[in-house]
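The next block holds one structure in the form of structure tokens; read it before the comments.
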Amino acid sequence: MFKKGIPLILFIFLVLADLSFSQSRDFQTANRLMQQQNYEQAIPILSDLHDQNPSSFVFFDRLVEALIQTSELDRAEDIVRKQIDRGYVTLQARGILGEILHLKGQKDEALEVWQNALDSSNGNIQAHYIIASSMNNRREYDEAIRTYREARDLLNNQNLFLNELANTYMQAGRFDESVNEYFQLILESPRQMAIVQQRFFQMRDQQLYDIASFELEDLMLDLSTTHEAYSSLYQLLSWLLLETEQYERAYNFARYYEEQTSHTVYSLFSMGNRFLSAKQFQYAENAYKFYKESTNLSTRYRSYDELSNTYLQWANYAEQNNLAPPDSIRTLYQKSYSNAEELIEQNAEYEQADRVLSRLVELSLDVFKNRDNAGRWFQTLQDISGSDDPYALYTEGRIAIFDENFSSARQHLARADRATDESNLSEKVRYFSALSDFFAGDSEFAEIQLRSLERRNDSFYANDAVQLRMWIQNGMRADSTGSVLNTLGDGVYALHTGNYEQALDQLSPLLQNSRAVLTDDLTVELSTALPVEYSTLKLHLINKQIDSNSGSPLLERLMWDRALLVEQIVQGRIVIGADRAAEETYFDSDVKTEFTRADAEEFFEEIILSFPNGFYASFAREKLQQFQTEYL
């Protein structure tokens, strides 16, 4: 409580250096008791030490603190007054005396003691620091602020006590004045930015963040980008804007910073990465596009790479959560492919060409189901990087999975994992290695790899790993002979390779019972993986699952998929044609295929009513607002 900013360990070290062995031992015992909050037991020991060493501040300070902790305020006051009368550490003692009087409810007397200490200090800077600290300890923030500012005026130095004043303003809730002191501190010493950011983070106050971001933005607009603190201030501003989800302001200021400098500072590259982490794909796209026409070829090539990756992540996120119509998702995948292709055509020697070519192989297989294109890009990758490159080994394993050569896939993926020290590639390798084992019918070995992957909470494939392992476990519970898992593996593999009729043929036995353990998962999987021409079938499967299995953990997702399908039918983005052979053969249904806008609105409203705090609730509200806007 009374440490005045000096670490206790330093006090202890200095004291022990001059004490006898017995005193050192006694002090260590007392200090340990204090740490254990056994103040009553510590007081007699500290009292003896103080009597034997009256000039020692640490014994005096610890004794007074112990007395205060046990509410023996009168005794504490008496000891402090005696210390003042003796002339020992008078300034610190007066600060403590003021605190004790304040604790006793004698506020006016406390303020008088503190003021007298200041008046008799003859402008001593240390006196202002000690007394203001005591005032802060008793939450007399306005008095502490006055004391700090008085010291500035006395020494004609407005940069004095920047950190102390900023902290005190913050504690007093005077955020406008606090942030300006903090910013001045960074201007004087840019390395203090991390400390200021940590202070803001500890407060976690929305009002503070808003005030700080607006004040800092105004400051930086008037500050030269060549100022030594500009970069540090920009880091703080971008953090504040992202913390408050002010994405447009973050993008605009990052662009302003880049445009104001005579050289590339890559502010938009950095911001693009953070937009991606926040799933703000549109802003990430805008950030990377800024560099697409750069005269610096290295920067331009990197923008193609980052744009390709952005479109891929955007499409993956939208597809996994069914947040956009299939044609929009397809467009995103095509943009990813086109940017990667253009990059390789412009510069096959790009420093991360192996990663880009690997992406082209993935898109060829996963999205376009084009084995020939995948083989062509794989050959280019081998020619550029060699057959032992980790990405070459990974893509060769992916192609082997597509070719149903699971033994070869396992070998190449295992070699890729050993050859890379890149965590993202290693995670992909492990997931697809487990998927290959699942397709091959070796579910036990697949589970082993999935367990390690799903523990990586920040991995893109962690959720996929959890899902696949749950499929395996549920499949084994449904049939310990493994026949259900074999059927599931064959059907999902057919989906993986684009053989949709075969997939439906193989999965149909698992879809007959709406309450079976895997039916809701498979319905969502088919809703995601089947192309638009299967919309009638998807709508029937979803309706059947919702109507007969209201306890499904995937109910919210199923309701969202249905609402989105109906909306697209109403908009004319999906044209329902004649039933396909698979529908006629396996699903005898007169599923409704004609809807009005009111039907679509009703389905979105049902999601909000059923899951007001669910993942899709905010998206459903956006849809309803769009309907309202279109109506107006």
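Numbers here simply count residues along the sequence, with the first being 1. The model shown is predicted, which means the values in this text are computed figures rather than measured ones.
Between Arg562 and Glu606 there is a salt bridge, since a side-chain N of the basic residue sits under 4.0 Å from a carboxylate O of the acidic one. The pair Lys623-Glu567 counts as a salt bridge, with a side-chain nitrogen and a carboxylate oxygen less than 4.0 angstrom apart. A salt bridge does not link Asp520 to Arg557: none of the charged side-chain nitrogens sits closer than 4.0 Å to a carboxylate oxygen. Asp561 and Lys538 are not joined by a salt bridge, as no carboxylate oxygen comes within less than 4.0 angstrom of a charged side-chain nitrogen. Glu396 has no carboxylate O lying under 4.0 Å from a charged side-chain N of Arg415, or vice versa, which leaves the two without a salt bridge.
Within a 6.0 Å radius of CD in Glu594, other residues, nucleotides and ligands contribute 12 heavy atoms or fewer. Residue Glu602 places its CD atom among 12 or fewer non-hydrogen atoms of other residues, nucleotides or ligands, all under 6.0 Å distant. The 12-atom threshold is exceeded at CD of Gln352, counting heavy atoms of other residues, nucleotides or ligands nearer than 6.0 Å. Within a 6.0 Å radius of CD in Gln473, more than 12 heavy atoms belonging to other residues, nucleotides or ligands are found.
Checking Ser548 against Arg515 by side-chain atom types alone, no donor-acceptor pair falls below 3.5 Å. Side chains of Gln206 and Asp210: a donor-acceptor N/O pair is present below 3.5 angstrom, by distance only. Residues Asp599 and Thr596 have side chains that bring a donor and an acceptor to within less than 3.5 angstrom of each other. If you check the side chains of Lys292 and Asn339, you find a donor sitting under 3.5 Å from an acceptor. Using modelled atom types and a 3.5 Å distance limit, the side chains of Asp479 and Thr481 yield a donor-acceptor pair.
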- Query: Are Arg355 and Tyr391 close enough, and set up right, to give a side-chain contact (heavy atoms from CB on, under 4.5 Å), and what steps lead you there?
  - Reply: CA-CA 6 Å; Arg355 184 181 69 177; Tyr391 280 97; 3.7 Å; yes
- Message: Quick one, Leu530 with Leu504, criterion side-chain contact (heavy atoms from CB on, under 4.5 Å). Give me CA distance, side-chain angles, the key distance, then yes/no.
- Response: CA-CA 10 Å; Leu530 290 175; Leu504 290 169; 4.3 Å; yes
- Task: For Asn373 and Leu360, run side-chain contact (heavy atoms from CB on, under 4.5 Å): C-alpha distance rounded to whole Å, both residues' side-chain angles, the deciding distance at 0.1 Å, then the answer.
- Result: CA-CA 9 Å; Asn373 271 354; Leu360 286 165; over 6 Å; no
- Checking side-chain contact (heavy atoms from CB on, under 4.5 Å) for the pair Thr519/Leu510: CA distance, chi angles, key distance, verdict? CA-CA 6 Å; Thr519 311; Leu510 303 180; 5.9 Å; no
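Contact record, Ala416 with Val429: CB-CG2, 3.9 Å, taken as the closest heavy-atom pair. Scanning all heavy atoms of the two residues, the minimum distance from Ile607 to Trp560 falls at CD1-CA, 3.5 Å. Between Ser527 and Asn322, the closest heavy-atom pair is OG-ND2, 4.5 Å. Here the shortest heavy-atom pairing between Ala348 and Ala353 reads O-CB, 3.7 Å. For the residue pair Leu363 and Ser336, the shortest heavy atom distance occurs at CD1-OG, 3.5 Å. Pairing each heavy atom of Ile608 with each of Arg621, the nearest pair is CD1-CG, 3.4 Å.
Residues Arg469 and Arg451 form a side-chain contact, since some pair of their non-hydrogen atoms from C-beta on lies under 4.5 Å apart. Counting heavy atoms from C-beta on, the side chains of Asp505 and Glu501 never come closer than 4.5 Å. Inter-residue side-chain proximity for Gln411 and Ser407 is flagged as met; some heavy-atom pair is nearer than 4.5 Å. The shortest distance between side-chain heavy atoms of Phe439 and Glu404 does not fall below 4.5 Å. Looking at Tyr209 and Gln246, their side chains never come closer than 4.5 Å, going by heavy atoms from C-beta outward. When side chains are defined from C-beta on, Leu555 counts as touching Ile546, because their heavy atoms get closer than 4.5 Å. No side-chain heavy atom of Leu393 sits under 4.5 Å from any side-chain heavy atom of Thr420. Inter-residue side-chain proximity for Ser338 and Gln334 is flagged as met; some heavy-atom pair is nearer than 4.5 Å.
Classified by interplanar angle (parallel below 30°, tilted 30° to 60°, perpendicular above 60°), the ring pair His496/Phe432 is tilted. Note: Tyr301 and Tyr350 have perpendicular aromatic rings, judged against thresholds of 30 and 60 degrees for the angle between ring planes. Ring planes of Tyr288 and Phe269: tilted class, angle from 30 to 60°. Using cut-offs of 30° and 60° on the angle between ring planes, the pair Tyr311 and Trp314 is parallel. Between Tyr317 and Phe615, the ring planes are perpendicular. Angles over 60° get that label, and only those under 30° would be called parallel.
In this structure a side-chain-to-backbone donor-acceptor pair under 3.5 Å is present from Asn252 to Glu248.
The line from CG of Leu450 to CD1 of Ile472 is 5.5 Å long, rounded to the nearest 0.5 Å. Distance check: Tyr256 OH to Ser267 OG gives 11.5 Å after rounding to the nearest 0.5 Å. The line from CD of Gln568 to CG of Leu564 is 4.5 Å long, rounded to the nearest 0.5 Å. Of the inter-residue distances, the one linking Met470 atom CE with Glu447 atom CD reads 10.0 Å to the nearest 0.5 angstrom. Here CZ of Phe275 is found 10.0 Å from OG of Ser270. Values are rounded to the nearest 0.5 Å. Distance check: Glu362 CD to Leu357 CG gives 11.5 Å after rounding to the nearest 0.5 Å.
Sorted by first then second residue, the salt bridge (charged side-chain N to carboxylate O under 4.0 Å, His left out) pairs that include residues 483-498, not counting sequence neighbours, number zero. Under the salt bridge (charged side-chain N to carboxylate O under 4.0 Å, His left out) criterion, the residue pairs touching residues 431-443 are Arg410-Asp437, Arg410-Asp442, with sequence neighbours excluded.
Contacts of Phe445 classified as ring-ring contact (aromatic ring centres under 6.0 Å, His included), with partners at least two apart in sequence or in another chain: none. Under the ring-ring contact (aromatic ring centres under 6.0 Å, His included) criterion, Phe406 pairs with Tyr493, not counting sequence neighbours. For Arg274, there are no salt bridge (charged side-chain N to carboxylate O under 4.0 Å, His left out) partners two or more places apart in sequence or in a different chain. Asp327 pairs by the side-chain hydrogen bond (donor to acceptor under 3.5 Å, both in side chains) definition with Arg573, not counting sequence neighbours.
Between Phe368 and Tyr337, the distance separating the two ring centers is shorter than 6.0 angstrom.
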